[in-house]
Participant: 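The structure is given below, and queries will be raised subsequently.
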Amino acid sequence: MKIALYNSHGRVLEPFKPLTDKEVKLYACGPTVYNYAHLGNLRTYIFEDLLVRTLTYAGYKVRHVMNITDVGHLTGDGDEGEDKMLKSAQEKGMTPWDIAKFYADAFFADTARLNIQTPTVICKATEHIQDMIDLIKILEEKGFTYQAEGNVYFDVSKFPKYGEMALLDRTELKAGARIEVDTAKRNPQDFVLWFTNSKFGRQAMVWESPWGVGYPGWHVECSAMSRKYLGDQFDIHCGGVDHIPVHHTNEIAQTEAATGKEPWVQYWLHAEFLLTKTFKMSKSEGNFLTLSKIEEMGFEALDYRFFCLGAHYRTQLTFTEQALEGARAGRRALFEKVKSLPSPSPGFGPNQVSATGRDYLDRFEQYLGEDLNMPRALAELWGTLKDVTLGPEEKRWIINTMDRVFGLGLEALTPDGVPVPTQDPALAAEVEALIDERNTARKNKNFARADEIRNQLKGRGITIIDTPTGTSWENHERKM
RNA sequence: GGCGCCGUACCCAAGUGGUAAGGGAGAGGCCUGCAAAGCCUUCAUGCAUCAGUUCGAAUCUGAUCGGCGCCUCCA
């Protein structure tokens, strides 16, 4: 299976070939755990999951490393910059460590519900301070740093390639266009590797270092940890597009300066933003939607995953409630249809697939290989589902196979059982009793009473479904 | 001020030279006591606008209008 990926470095579509034959080393920038992840953040993690699943599907072994930023991420580089963790902790009356744990747990609860696979390695910044210090020491020995006003800075003038990936021309950048210039910097693009407590009086998370007690700058963690778990050079590094100009640009500079090896990363992949009608979702702006929020609105986590599948990862996706409702309806219809297909027998394999079935899979794989064109790949799933020439068992096998990439949990669906029943046994018993009464009424042609009961339940968000084999019900309507 | 991206039906969205994928919504029909679900059919002579290149353009070029992102922390 051929895979081509769009490399942000060079802005071109390139055939994918890992450094090591069948193993892919991948680093993905993880969350800064000072608040809940919002839907926009989650879109990027869904993209990364689809990437990992596609590579796995293609036969590669993927070593997926993701960091957790639990220290050092300031709201700005200057003296007015606040530590995001500390700020959040003070607002909630918790310690930064508690805040980090709380939001990291929330993050993984979200990704689990979205069927996002857990990375091979999850590494916390606070547990790798020494690795960062070691890296900064190398940079210092090689002459890439300077100290000013209590901080250790990376000197971008010593690294001529600075900004190459981002297509940044340093002379064209308008420093201070939107923010005060840090006067301690020699160049506006210089960035902090290590802060000392000379800048902050009360800092909860600090460590000893050769430059004094303090804490690391944000960018250095990804360089130090990726190096520790993936080596000096590896295959893929991904994140959101917003990381191109600053975070990833700085990572490249400090890593290649330290190791002297280039390119540090073979392929840079960046996911585009999720937008609302008038603004992008932004964690620091405070106005954003979380997964839990839309679940309260009556959606399921997988509705959002399905929604994201409908757009290519490199285009801005417009989020509206109407669009999510469309995704929900589509996802439910898909589940219903797949449910009615028999699970293939254990002996069923690729050899049992017909030429027509193979065509669907071939196109599916072709689209995956075209820079993860999920909308097209998904269209092949619908095509398979609707093809009348395919047998049900074969159809189900192909769909299950495709879902190894989509990750919607289709394989587990069965025609048996009540779909998504309530967790409340008392409510369940009450509903069952009403359904029994209604079915008796129907048998006696008392349709007025039957409809009355159905409408009553409908008003409580419970939908009744009559089938030839009996009546089932779902409790998934909007909870207000 | 600089850099980059985008504008496709009611909604989301694919498609980067060969005559508009897919999903949702809507409409008609079958089925049903009625619904729901399911199934069948239908749904852009046109891809912001105007010029141009070409045998041929949503796809290339230019201009115009509109929207977005980045150059601050940000997925």
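Quick note on labels: first sequence line is chain A, next is B, and so on, each numbered from 1. When reading the values below, keep in mind they use all heavy atoms of this one structure, side chains included, and skip hydrogens, waters and symmetry mates.
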Participant: State which of B/G4, B/C71, B/G69 makes the closest approach to the side chain of A/R11.
Facilitator: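 Closest of the options to the side chain of A/R11: B/G4.
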
Participant: For the residue pair A/F234 and A/W264, is the inter-centroid distance of their aromatic rings smaller than 6.0 Å?
Facilitator: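 Yes - the distance between ring centres of A/F234 and A/W264 falls below the 6.0 Å cut-off.
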
Participant: Measure CE/A/M165 against P/B/C70 and give the value in whole Å, please.
Facilitator: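 Between P of B/C70 and CE of A/M165: 16 Å.
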
Participant: Do the side chain of A/R305 and the main chain of A/L408 share a donor and acceptor less than 3.5 angstrom apart?
Facilitator: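 No; judged by distance alone, with no hydrogens or angles, the pair does not exist.
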
Participant: So which nucleotide does B/G18 pair with, by the Watson-Crick or G-U wobble rule with both distances under 3.5 Å?
Facilitator: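 Checking every strand shown, B/G18 finds its partner in B/C55, with both distances under 3.5 Å.
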
Participant: Using a heavy-atom cut-off of 4.0 Å across all strands, would you classify A/E272 as base, sugar-phosphate, or nothing?
Facilitator: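 Here A/E272 touches the bases of the nucleic acid.
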
Participant: A/K386 and A/K395: which non-hydrogen atoms are nearest, and at how many Å?
Facilitator: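 The pair with the smallest heavy-atom distance is C-NZ, 4.4 Å.
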
Participant: Touch check for A/H270, heavy atoms < 4.0 angstrom, all strands: base, sugar-phosphate only, or nothing?
Facilitator: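 Result for A/H270 = nothing.
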
Participant: Do side-chain atoms of A/D303 reach the backbone of A/A327 as a donor and acceptor pair under 3.5 angstrom?
Facilitator: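 No.
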
Participant: What integer number of Å spans the P atoms of B/C6 and B/A25?
Facilitator: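 Result for the P pair: 30 Å, nearest Å.
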
Participant: Between A/R53 (side chain only) and A/R404 (backbone N and O only), is there a donor and an acceptor less than 3.5 Å apart?
Facilitator: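 At least one qualifying donor-acceptor pair exists.
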
Participant: Provide, to the nearest angstrom, the distance between the CG atom belonging to A/L381 and the P atom belonging to B/G23.
Facilitator: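 Distance, rounded to whole Å: 11 Å.
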
Participant: In the strands shown, is B/C3 matched to any nucleotide by a Watson-Crick or G-U wobble pair with both distances under 3.5 Å, and which?
Facilitator: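 Its partner is B/G69.
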
Participant: Assess whether side chain to side chain donor-acceptor pair (under 3.5 Å) is satisfied between A/E370 and A/Q366, documenting all intermediate values.
Facilitator: CA-CA 6 Å; A/E370 292 174 1; A/Q366 176 198 328; 3.1 Å; yes

Participant: Can you name the one residue among A/Y57, A/W382, A/F364, A/F306 that meets ring-ring contact (aromatic ring centres under 6.0 Å, His included) with A/F406?
Facilitator: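 Among the candidates, only A/F364 passes.
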
Participant: Would you measure the distance from the P atom in B/C5 across to the matching atom in B/G15 and give it in whole Å?
Facilitator: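 My reading of the P atoms in B/C5 and B/G15 gives 16 Å.
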
Participant: Rounded to whole angstrom, note down the C1' distance from B/C43 over to B/U8.
Facilitator: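 That atom pair is separated by 16 Å.
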
Participant: Between B/G26 and B/C11, how many Å separate the two C1' atoms, rounded to a whole number?
Facilitator: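 Their C1' atoms lie roughly 11 Å apart.
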
Participant: Salt bridge between A/D155 and A/R186, side-chain N to carboxylate O under 4.0 Å?
Facilitator: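 Yes.
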
Participant: Taking the minimum atom-to-atom distance to the side chain of A/P375, which one of B/A75, B/G22, B/A13 wins?
Facilitator: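 In terms of side-chain proximity for A/P375, the closest of B/A75, B/G22, B/A13 is B/A13.
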
Participant: Can you tell me, in whole Å, how much space there is between the P of B/A58 and that of B/G52?
Facilitator: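 Nearest-Å result for B/A58 against B/G52 at atom P: 15 Å.
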
Participant: Between B/C73 atom C1' and A/H38 atom NE2, what is the distance in whole Å?
Facilitator: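 One finds 13 Å between C1' of B/C73 and NE2 of A/H38, rounded.
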
Participant: May I ask you to list the residues of residues 104-116 of chain A, by number, that have any heavy atom positioned under 4.0 Å from an atom of RNA chain B?
Facilitator: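 Here the set is empty: none.
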
Participant: Could you work out which one of B/C70, B/G23, B/A14 sits closest to the side chain of A/N373?
Facilitator: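 In terms of side-chain proximity for A/N373, the closest of B/C70, B/G23, B/A14 is B/A14.
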
Participant: If I pick the P atom on B/G69 and the same atom on B/U16, what distance separates them, to the nearest angstrom?
Facilitator: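 26 Å, rounded to whole Å.
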
Participant: Name the residue closer to the 5' end of RNA chain B, choosing between A/G239 and A/G310 according to the nucleotide with the nearest heavy atom.
Facilitator: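 Checking each residue's closest nucleotide, the 5'-ward one belongs to A/G310.
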
Participant: Would you indicate what A/A271 reaches in the nucleic acid, counting non-hydrogen atoms under 4.0 angstrom: base, sugar-phosphate, or nothing?
Facilitator: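 Nothing: the residue A/A271, judged by heavy atoms under 4.0 Å, touches no strand.
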
Participant: Would you kindly give the CG-to-C1' distance between A/L324 and B/A25, to the nearest whole Å?
Facilitator: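 Computing the A/L324:CG to B/A25:C1' distance gives 15 Å.
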
Participant: Whom does B/U49 pair with, Watson-Crick or G-U wobble, provided both distances fall under 3.5 Å?
Facilitator: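 Here B/U49 is engaged in a pair, and the nucleotide opposite it is B/A63.
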
Participant: Which heavy atom in A/F195 sits nearest to a heavy atom in A/G217, and how many Å separate them?
Facilitator: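 Residues A/F195 and A/G217, closest heavy atoms: CE1-CA, 3.9 Å.
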
Participant: Using atom CD of A/Q366 as one end and atom P of B/G15 as the other, report the distance to the nearest whole Å.
Facilitator: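 In whole Å, B/G15 P lies 12 Å from A/Q366 CD.
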
Participant: Which parts of nucleotides 33-39 of chain B does protein reach within less than 4.0 Å, heavy atoms only, written one letter per nucleotide 5' to 3' as B for base, S for sugar-phosphate only and - for none?
Facilitator: BBBB-SS

Participant: Looking at every strand, decide which applies to A/F307 at a 4.0 Å heavy-atom threshold: base, sugar-phosphate, or nothing.
Facilitator: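 Counting heavy atoms under 4.0 Å across all strands, the contact made by A/F307 is with sugar-phosphate only.
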
Participant: Have a look at A/Y103 and tell me which of A/Y36, A/F108, A/Y34 forms a ring-ring contact (aromatic ring centres under 6.0 Å, His included) with it.
Facilitator: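 In the set A/Y36, A/F108, A/Y34, the residue that makes a ring-ring contact (aromatic ring centres under 6.0 Å, His included) with A/Y103 is A/Y36.
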
Participant: Which whole-number value in Å describes the distance from A/L378 CG to B/G15 P?
Facilitator: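 Those two atoms, CG and P, are 14 Å apart.
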
Participant: Is the shortest side-chain N/O distance from A/T315 to OP1 or OP2 of B/A14 below 4.0 Å?
Facilitator: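 So the side-chain polar atoms of A/T315 do come within 4.0 Å of the phosphate oxygens OP1 or OP2 of B/A14, strictly under.
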
Participant: So what does A/R376 touch, heavy atoms closer than 4.0 Å: a base, only the sugar-phosphate, or nothing?
Facilitator: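 Since a base atom lies under 4.0 Å of A/R376, the category is base.
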
Participant: Suppose you measure atom P in B/G22 against the same atom in B/U42; what distance do you get, rounded to whole Å?
Facilitator: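 It works out to 12 Å between them.
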
Participant: Work out how far the C1' atom of B/A14 is from that of B/U59, and round it to whole angstrom.
Facilitator: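 Here B/A14 and B/U59 have their C1' atoms 13 Å from each other.
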
Participant: What is the separation between atom CG on A/L368 and atom P on B/A21, rounded to the nearest whole Å?
Facilitator: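 One finds 21 Å between P of B/A21 and CG of A/L368, rounded.
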
Participant: By nearest nucleotide on RNA chain B, pick out whichever of A/N250 and A/R314 is the more 5' one.
Facilitator: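 In this pair, the answer is A/R314.
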
Participant: Under a 3.5 Å cut-off for both contacts, is B/U42 paired Watson-Crick or G-U wobble with anything, and if yes, with which nucleotide?
Facilitator: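 By the stated definition (distances under 3.5 Å), B/G26 pairs with B/U42.
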
Participant: According to the Watson-Crick and G-U wobble definitions, with both distances under 3.5 Å, which nucleotide is paired to B/G33?
Facilitator: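 By the stated definition (distances under 3.5 Å), nothing pairs with B/G33.
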
Participant: Report the distance from atom CD of A/E325 to atom C1' of B/C10, rounded to the nearest whole Å.
Facilitator: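 Checked: the CD to C1' distance equals 14 Å.
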
Participant: Distance to the ring centre below 6.0 angstrom and angle to the axis at most 45 degrees; does that hold for A/R331 and A/F335?
Facilitator: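 Geometry flag: set, cation within 6.0 Å and 45°.
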
Participant: State whether A/Y360 and A/R363 meet the cation-pi test: NZ (Lys) or CZ (Arg) under 6.0 Å from the six-membered ring centroid, and within 45° of the perpendicular axis.
Facilitator: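 Flagged: A/R363 positioned over aromatic ring of A/Y360.
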
